[in-house]
Amino acid sequence: MSVILVTGSYDHEIRFWEAWSGICSRTISRSGEAGQVNRLAISPDKRLLAAAIHKKVYIYETASSSSTPLTCLDSHTMNVTAISFHSEGKWLVTGSEDGTIRIWDLRSAQVHRTYDNGAPVNDLCVHPNQGELISCDQAGCIKQWDLSENLCSHELTPAGDVPIRSVSLASDGSCLVAGNNKGKCYVWKINEEKSDLPRYQAVTKFSAHKKYITRVLLSPDVKYLATCSADTTVKIWSISENYEFRQEKVLQGHQRWVWDCAFSADSAYLVTASSDHTARLWEMASGETVRQYNGHHKGNPISWIVVNTAAVCCALHDGPG
């Protein structure tokens, strides 16, 4: 399975797609269960799919045709809003509206460590060094957590108590980008802990959208930033060596909020997911839609305006397994 493209929605279904043909190759149907699909993540070796569904995280085999999960991670008391695999795929990190971040050992399906964030967690990502975790929350805080100890080692509050919706780390660990509820983006250069410079050195901030930002994502080659928004668009920003962000393209086509996005491994394509019940594959060079994925159905017609959780999500893995 060279390319894995998966979408999830509030119709309770998870769909696997053939990226180039646009054909749905597998559906994990959960019609008898409660809870929308909030987030999806694919393990580095492409073997596992983690799906955050309401308060639980279900682990599925990507190569299987079964709708039965391998295991269920059940410890959070409110919606799970963020998930990320550790590089070896043996650990999973989850963040929740219950204000906690949990590190799971996937071999035992048990919680290895719990961090008390103190506010609902909106997003998180594992640092490329695999020893640190970055989270953002509803209270407007961005925090760095040391995975070897139970502590928060750094905290940023770029816009007071304005909720930070999404964070993205450069694949080389060079910078951090955050987006908030007012459409603003904030960028920090990340310096070595041993240097005399601050760990997070603010380099720029800019208004990316006039409405709510739902996702920020740096491309694998760290040349571009994608920002998704309630304004139905995705904007592509080029990044210079001195961290100047210039708007290159506006990807238009979705009819409602764009909730999630994922880059291809070569940074040449972007997948987006929207509450208009579709996902789109965009060619970065042209800014055009080259494939549209239809199939998710309406549940509650107004579910898409619930802003505490993502109504639609996607995951793409086409790199080496």
Side-chain angles (χ1 to χ4, degrees), residues 38-44 48 50-52 57 59 73 75-158 163-180 186-194 198-201 215-218 220 222 260 262 310 313 315:
N38 293 330
R39 296 295 292 271
L40 296 168
I42 299 167
S43 63
L48 302 176
V57 178
I59 307 296
L73 310 180
S75 180
H76 286 292
T77 59
M78 297 179 70
N79 260 322
V80 177
T81 52
I83 51 178
S84 181
F85 278 96
H86 193 269
S87 65
E88 294 181 357
K90 297 175 182 177
W91 306 87
L92 185 75
V93 184
T94 59
S96 168
E97 290 177 349
D98 65 15
T100 67
I101 296 167
R102 300 182 190 273
I103 313 293
W104 301 80
D105 185 339
L106 293 178
R107 293 159 291 188
S108 64
Q110 298 297 311
V111 176
H112 175 69
R113 178 171 284 132
T114 299
Y115 300 100
D116 182 6
N117 184 67
V121 178
N122 288 331
D123 198 11
L124 55 77
C125 48
V126 178
H127 192 285
N129 66 17
Q130 304 300 309
E132 297 158 352
L133 173 70
I134 310 295
S135 67
C136 66
D137 62 39
Q138 200 66 13
C141 295
I142 300 166
K143 296 177 182 177
Q144 175 181 298
W145 304 88
D146 190 327
L147 293 182
S148 63
E149 300 178 44
N150 193 12
L151 60 84
C152 170
S153 54
H154 295 278
E155 183 171 335
L156 304 167
T157 51
I164 302 293
R165 181 54 43 187
S166 181
V167 286
S168 182
L169 273 165
S171 58
D172 59 3
S174 61
C175 70
L176 169 70
V177 179
N180 73 8
Y186 300 85
V187 185
W188 294 265
K189 179 184 178 183
I190 302 177
N191 297 304
E192 293 294 331
E193 291 277 16
K194 297 177 182 178
R199 174 65 167 166
Y200 293 94
Q201 181 181 350
R215 185 77 65 238
V216 295
L217 186 64
L218 289 160
V222 202
D260 204 2
C313 47

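Position 1 is the first residue of the sequence; numbering continues from there. The model shown is predicted, which means the values in this text are computed figures rather than measured ones.
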Which heavy atom of G89 sits nearest a heavy atom of P44, and at what distance? CA-CD, 4.2 Å
Closer than 3.5 angstrom, by distance alone: can the side chain of S166 be matched with the main-chain N or O of V216 as a donor-acceptor pair? yes
Where do H127 and L169 come nearest, in terms of heavy atoms and distance? CA-CD1, 3.6 Å
Could you tell me whether the side chain of N117 and the main chain of G99 form a donor-acceptor pair under 3.5 Å? no
Can you see whether T81 engages E97 through a side-chain donor-acceptor pair at a distance of less than 3.5 angstrom? no
With distance as the sole test, does T77 use its side chain to make a donor-acceptor pair with the main-chain N or O of D98 at under 3.5 Å? no
4.5 Å side-chain heavy-atom contact, P158 and W188: yes
Looking at NE2 of H76 and OG1 of T100, how far apart are the two atoms once the value is rounded to the nearest 0.5 Å? 4.5 Å
Say whether, by atom type as modelled, one donor and one acceptor occur between the side chain of H86 and the main chain of V93 under 3.5 angstrom. no
Value rounded to 0.5 Å, distance of OH in Y186 from CG in L176: 13.0 Å
Note, W145 side chain near L124 side chain (heavy atom, < 4.5 Å): no
Residue pair A170 / V222: nearest heavy atoms and the distance that separates them: CB-CG1, 3.7 Å
Does any part of the side chain of K90, heavy atoms only, come nearer than 4.5 Å to the side chain of L106, both counted from C-beta? no
Got a second to check how far L73's CG is from Q110's CD, nearest 0.5 Å? 9.0 Å
Rounded to the nearest 0.5 Å, what separates atom SG in C125 from atom CD1 in I83? 13.5 Å
Side-chain contact, heavy-atom cut-off 4.5 Å: L92 with L48? no
Is the positively charged end of R113 above the ring of W104, judged by distance under 6.0 angstrom from the centroid and angle within 45° of the axis? no
Between the CG atom in L218 and the SG atom in C175, the distance rounded to the nearest 0.5 Å is 5.0 Å
Here the gap from C136 atom SG to D123 atom CG, rounded to the nearest 0.5 Å, amounts to 5.0 Å
Any donor-acceptor pair under 3.5 Å from S96 side chain to N79 backbone: yes
Are more than 12 heavy atoms from other residues, nucleotides or ligands located less than 6.0 Å from atom CD of E192? no
Indicate the atoms forming the closest heavy-atom contact of D172 with S174, along with that distance. OD1-OG, 2.7 Å
If you take all heavy atoms of T157 and C141, which pair is closest and at what distance? CG2-SG, 3.5 Å
Side-chain touch L147/Y115, heavy atoms, less than 4.5 angstrom: yes
Close side-chain approach of E155 to I142, heavy-atom, < 4.5 Å: no
Please report the C-alpha distance between I134 and Q144 in whole Å, then the side-chain angles of each, then the deciding distance to 0.1 Å, and finally whether the side chain to side chain contact (heavy atoms under 4.5 Å, CB included) criterion is met. CA-CA 5 Å; I134 310 295; Q144 175 181 298; 3.8 Å; yes
Looking only at non-hydrogen atoms, find the nearest pair between N122 and A82 and report the distance. O-CB, 4.3 Å
Under 3.5 Å, side chain of R165 to main-chain N/O of N180, donor-acceptor pair present? no
